[in-house]
Amino acid sequence: MRKVALRGLAGRKLRALLTALAIVLGVAMVSGTFVLTDTIDRAFNTIFERSYAGTDAVVRAGGSDIAYQGLTAELPGIPAELLEQVRAVPSVEVATGLVMDETSAKILDRKGKAVDTQGAPAFGFGVDPSPELSRFNPLNLVEGRWPTGGTEVVIDAGTADEQRFALGERVKVASLGPVREFEVVGIAQYSGVSSLGTATFAVFDVRTAQELFGREDEFDAISVAAKQGVDDEALVADLEEALPPTVAVQTGDERADEERGEVAEFTTFIRYFLLAFGGIALFVGAFVIFNTLSITVAQRTREFATLRTIGASRRQVLGSVVLEALVIGVLASVTGLLLGVALAYFLNWLFRVLGLDLPTTAMVFAPRTAVVALLVGVVVTLVAGLFPAVRATRVPAIAAVREGATLPGSRFARFTPYVAVALIAGAVSLLAFAMFADDLDTEPRLLSIAGGTLGLFLGVGLLSPKVVRPVAGLTHEPARWVVVVLQVVAYPVTLAFWLLRYAAFYADRPAGRRAGAAAWALAIVGAFSLLVALLGGGPVLALVPLVVPLTVIGMAVAARVSSFTPEWPLDFPDVRPAGATARVGRENARRAPGRTAATAAALMIGLALVTFVATLADGMKASNRDAIESQVRADYVVTSQDGYAPFVAAAGEAAARAPGIELSTDVRSDLATLAGSDRYLTGIEPGRIAQAYRFQWLDGSDAVLSRLGADGAILDKDFAEDKELAVGDRFTAVVPSGQERQLVVRGIYEPPPFYPLLGNASIAKETFDELYDRPRNQFTFVNVPGEPTEAAKQRLAEAVAAFPDAKVQTREEWIAFQDADFNQFLTMLYVLLALSVIVSLFGMVNTLVLSVFERTRELGMMRAVGMTRRQARRMIRHESVITALIGAALGLPLGIFLAMLVTRALSQFDVQFRVPLPLLLVFTVIAVLAGIAAAVLPARRAARLRVLEALHYE
Amino acid sequence: MHDIATSPAGAAIDAVPTDVVTAHEITRVYGEGDTSVRALRGVTLDVERGKLTAVMGPSGSGKSTLMHILAALDRPTSGFVTVAGARLGQLSDTDVTKLRRKHIGFVFQFFNLLPMLTAEENILLPLSLAGLDVDGGWFEDLLRRVGLEDRRTHRPAELSGGQQQRVAIARALVTRPTVVFADEPTGNLDLRTGGEILELLRSSVQDYGQTLVVVTHDARVAAIADRILFLADGLIVKDLGRSTPHEVMEAMEAITPQ
Ligand SMILES: Nc1ncnc2c1ncn2[C@@H]1O[C@H](COP(=O)(O)OP(=O)(O)O)[C@@H](O)[C@H]1O
Ligand SMILES: [Mg+2]
């Protein structure tokens, strides 16, 4: 029986392969995710371990650790004279003062623009290169030496490589002050880390770093090594005793763990984010495998019945199908596992292209990766194969003698619609619960959403056989005409291709005519590429000199080795809509509704998710625009290059000095503990902010701004309600240095919830600057007299030119920039979701191949009565396109529905609901293209059938 | 696979009466209401051990239906069948499977071989399904007898119709079942090959004492059958012992509606 299963599988290699492919991509995504995130993890771990490898204790400022929305507040510096005190402690062997800034040391490229770190740190270090202190230095020199004096710098190998900076060259580096020029005297890297991602570092001597990063006579930390025989805890205790209580002392390991923990959260997030897409691909793959195995089981009814007559038990039949699934699952999982390593490189590349480059080392392949990937792949395949296997056991022995015996319907078939409806109802309520239940942790909430969505897809999938007949009828005409339109668009290509084929294969035609055909083909390709070039497709044009000769060579080779016999003149490309063939195709799609439905359902899932993302994104963009437009009055906004990170305050001051401006006002921002919760605190200029920012006052007016004084604050509505604060109430703000300040509520306003530009509490800029020792701006708003002009913007840009991290945009440009940023993220989502669409494509190919195989005889008959090859191809293609459109007809509304649900759930953030019609049209066309692509191989098989053999086929 | 004899049904199966297969007043109605067809209308018979019983009759007379019911592929609408002493109607699916492994062989008109297995593998399949070992001597003897010694590694697609049917017959015989049913084993073959197949069946009865029930239209069966049953319209209308081809032809003509 094992032999029957394995041989059977071997005899259906193509089908087995296509079935396996359905799960390969999902497994690859899982293993690729693990490989990539493990690699990133390892890189971060290496960085932190090396950073504190030679450090037994760390002395830092003893402020409070404030963290909100994934950001941690920067601690103030510690007085430089503490270093001498530390060195005086008897148990201390050596100690060094360290200057470190995570955001301000922007290295400029040759064009004078800051190297974009895409939100990753731009480290600035002050390092003492004395040999006895080298144990504290995590960096390795690749070339050159460590810097001394105020004009030398060492930069990271990644930046040196990318920007082609060599030793001895001069580079500009921005810091808290204006840009300064330095000579590159060395190039360094973290040992054991091959890439820092987009992060950069610049190393200066200690005094220079103190100057650049606002640490005159201060350090960010003091690294300490203990004398031989003193353990870390004892050292910490000694230091704590010797030093003032304003500082905090930790062991090196504690510090490394703390920093690692912050990053680990981030990589864990990336891991689950990517795994979710792997999960989706696997889910779609399960659909495909279920469908393929169901079809093969149905086609092998007679085989199973025969086995039963010669004594196979139900268990043995079950076993043979399960074994088949197992073999497919194992093969697919192993392939997927290996492919996953390649996919890890692809994902890393994708992240980099989309501006999320993370540090990496050599790829890490943990045993866990293999175990999880294999297990997941095999289990999913087995679960998907179980149902068809059970059905195979229900084949009665008598089917062995019945002509055209079909698989008996499942005992539960008549309950399916009820089950489906119940499932959908359950899924929707689960979704609603997940989205609207008030106190639910993130994890159960996400799991409920995932479960609800899967349930919804399953339910709709179960119900879909009922809609195949009518929807196939509805999509029939659109399918015909969309194909015609696409054919018209692609006509130059098909014509050129046909001409080339004519030249290559029609050996019995006059040589002159064949040469003419080839010439025409090249002329068409030329004209077409010219058109593409004119329409601005420069990069596409570059492909032409490559594609054309390759095609010609390919044709020539094919002409030598192929026994292809053309069917002149029926084969000449035309764009007429398919008539009778289309009708047969439609009926073919209808005749096994379960099969068509399951095939379409797999595609439905990908399309639904893409539609969901597109719809939600459209609403979010609209909300974002509204939020900005309703808040910002200013003509110009100065932000950092990435738009989110705060930028140096000096840039704001420079903007204020720009000629010809009417008003410039800074918005400072940093973290603080406000009334007990870690939040954003902003510093505003009381006399000016109202001209740049529009407040929706609930209690108060623009007049209260002038009365902010040293202890006044304005709150946004949510925070005020949350903390039950009203105008006149007092609350405490604690800043990272540990300083506390009593504040009085002076006014309450209501910002748009989607994107409030100010923090939960805002105080006067002067007060803010007293509280923070390196105050930074979130925005600087600028107004010019009259309408904003290009010249005005130019003047402004020149004014801040010394601060390469600062960027000047009009309000409209700023919105567009944010949209573009968001679109990048969307692109990544689409690419990742495309994976599941590709999986469903394999499913479509599979179903069609199986159907063609099953209808061999029928096809032979139709060919015998005059169907051309092309008509046979068109028939298959039409069936495929109809199936794809059924997928779209189910998936698009489902996606919109999900988006509607989520929009409602996010109503507290004022997310709008907008259906992006043009995009939906694009998705529909993509579905049609998927249908056409899926039909290529099966249609060729159908067209290649030899009529006589097909008729004899049993 | 545990032994058949350990199950209660198996105990009954192991008792060996002379009549290896009996049918009692079996009827079979296909479909319901107006369109129903009464394929069998009360057939009672017994098949003797070690004998070749032929079943003849015009097309549509219910021969196949009868064979299916006797071979436990189908169930009668009323009446009952015993095979090797076990009443079929009472057996579970598992017991029927055990019964097939030990007591029943079936030869189909359309061979029903598994395309991915070689001739040898096809023949041995019932044994491997039952988890039994091959008796090498017996298997070689069988292979020689069906004339497939030099075809053992061929796939069904590489064999002629006659050879395929030989494989199917060997597959039915390989477990030495209590009874082998063959439904028009020659129906899909030319005259000469059909004759060879009948000869093969006869020799299996003679040399191995195999009990055999054969449905056929071929009057030459008279030469080999110990007994010939004639079926018409779902009823046994004639029951001949050893007869000449001439007698068979006459009997056939008598029952064939003009
Ligand atoms: N599965 C079936 N469904 C309905 N009618 C059937 C079926 N099988 C056989 N019949 C009918 O039962 C009668 C007997 O058929 P069958 O046993 O195949 O006859 P035979 O083998 O003698 O030609 C015929 O009238 C046939 O049409
Ligand atoms: Mg018959």
Side-chain angles (χ1 to χ4, degrees), chain A residues 1-16 296-297 299-321 323-324 327 390-405 408 411 853-854 856-857 949 952-954, chain B residues 1 4 28 30 64-65 67-69 71-75 92-118 120-132 155-157 168 171-175 177 180-181 183-184 188 215:
Chain A
M1 203 62 198
R2 206 174 306 145
K3 211 181 280 171
V4 173
L6 297 182
R7 287 283 178 75
L9 205 55
R12 297 182 295 269
K13 284 203 195 66
L14 177 70
R15 265 171 282 166
T296 18
V297 162
Q299 289 179 349
R300 290 162 64 198
T301 300
R302 188 142 172 198
E303 189 180 310
F304 291 126
T306 305
L307 284 168
R308 293 304 310 276
T309 63
I310 59 175
S313 65
R314 283 198 169 151
R315 238 240 235 87
Q316 285 173 318
V317 170
L318 182 79
S320 86
V321 182
L323 178 66
E324 196 170 310
V327 171
V390 168
R391 291 200 69 192
T393 67
R394 300 190 43 76
V395 172
I398 188 81
V401 295
R402 295 231 165 104
E403 189 60 23
R411 266 172 301 179
F853 165 79
E854 188 173 297
T856 301
R857 213 161 162 171
E949 279 171 26
H952 282 281
Y953 183 87
E954 194 215 323
Chain B
M1 224 29 74
I4 294 169
R28 178 65 165 97
Y30 289 112
S64 294
T65 306
M67 295 291 272
H68 298 157
I69 290 173
L73 295 179
D74 200 5
R75 291 188 176 196
S92 69
D93 186 81
T94 317
D95 289 330
V96 171
T97 301
K98 287 175 183 167
L99 184 83
R100 284 190 189 122
R101 287 178 179 177
K102 187 154 189 182
H103 296 294
I104 301 176
F106 206 98
V107 179
F108 303 90
Q109 182 178 350
F110 294 104
F111 323 138
N112 283 30
L113 300 178
L114 296 189
M116 59 283 201
L117 301 184
T118 63
E120 180 173 340
E121 288 165 344
N122 262 295
I123 296 172
L124 289 175
L125 193 57
L127 287 175
S128 49
L129 283 173
L132 299 174
R155 298 277 161 98
R171 180 176 70 182
L173 294 175
V174 76
T175 55
V180 169
F181 297 96
D183 189 358
E184 300 196 33
N188 215 25
V215 169

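Side chains are part of it too, since the values below use all heavy atoms of this structure and drop only hydrogens, waters and symmetry mates. Values in this document were obtained by computation on a predicted structure and should not be read as measured data. Just so we're on the same page: letters track the sequence lines, and every chain starts at 1.
With rounding to the nearest 0.5 angstrom, the CD1 atom of A:I310 is 11.5 Å from the CD1 atom of B:I123. Atoms CG and OG1, from B:N122 and A:T306 in turn, are 10.0 Å apart once rounded to the nearest 0.5 Å. Between the CZ atom of B:F108 and the OG1 atom of A:T309 there is a distance of 3.5 Å, given to the nearest 0.5 Å. Here CG of B:L114 is found 5.0 Å from CD of A:E303. Values are rounded to the nearest 0.5 Å.
Here the shortest heavy-atom pairing between B:T118 and A:R7 reads N-NH1, 4.4 Å. The two residues B:R100 and A:A397 come nearest to each other via the heavy atoms NH2-CB, 3.4 Å. Residues A:L307 and B:L129 come closest through the heavy atom pair O-CD1, 4.0 Å.
Contacts between B:E121 and chain A at a heavy-atom distance below 4.5 Å involve the side chain alone, from C-beta outward. Only the side chain of B:R155 has a heavy atom closer than 4.5 Å to any heavy atom of chain A.
When atom types are taken as modelled, the side chain of B:D93 and the backbone of A:R314 share no donor-acceptor pair closer than 3.5 angstrom.
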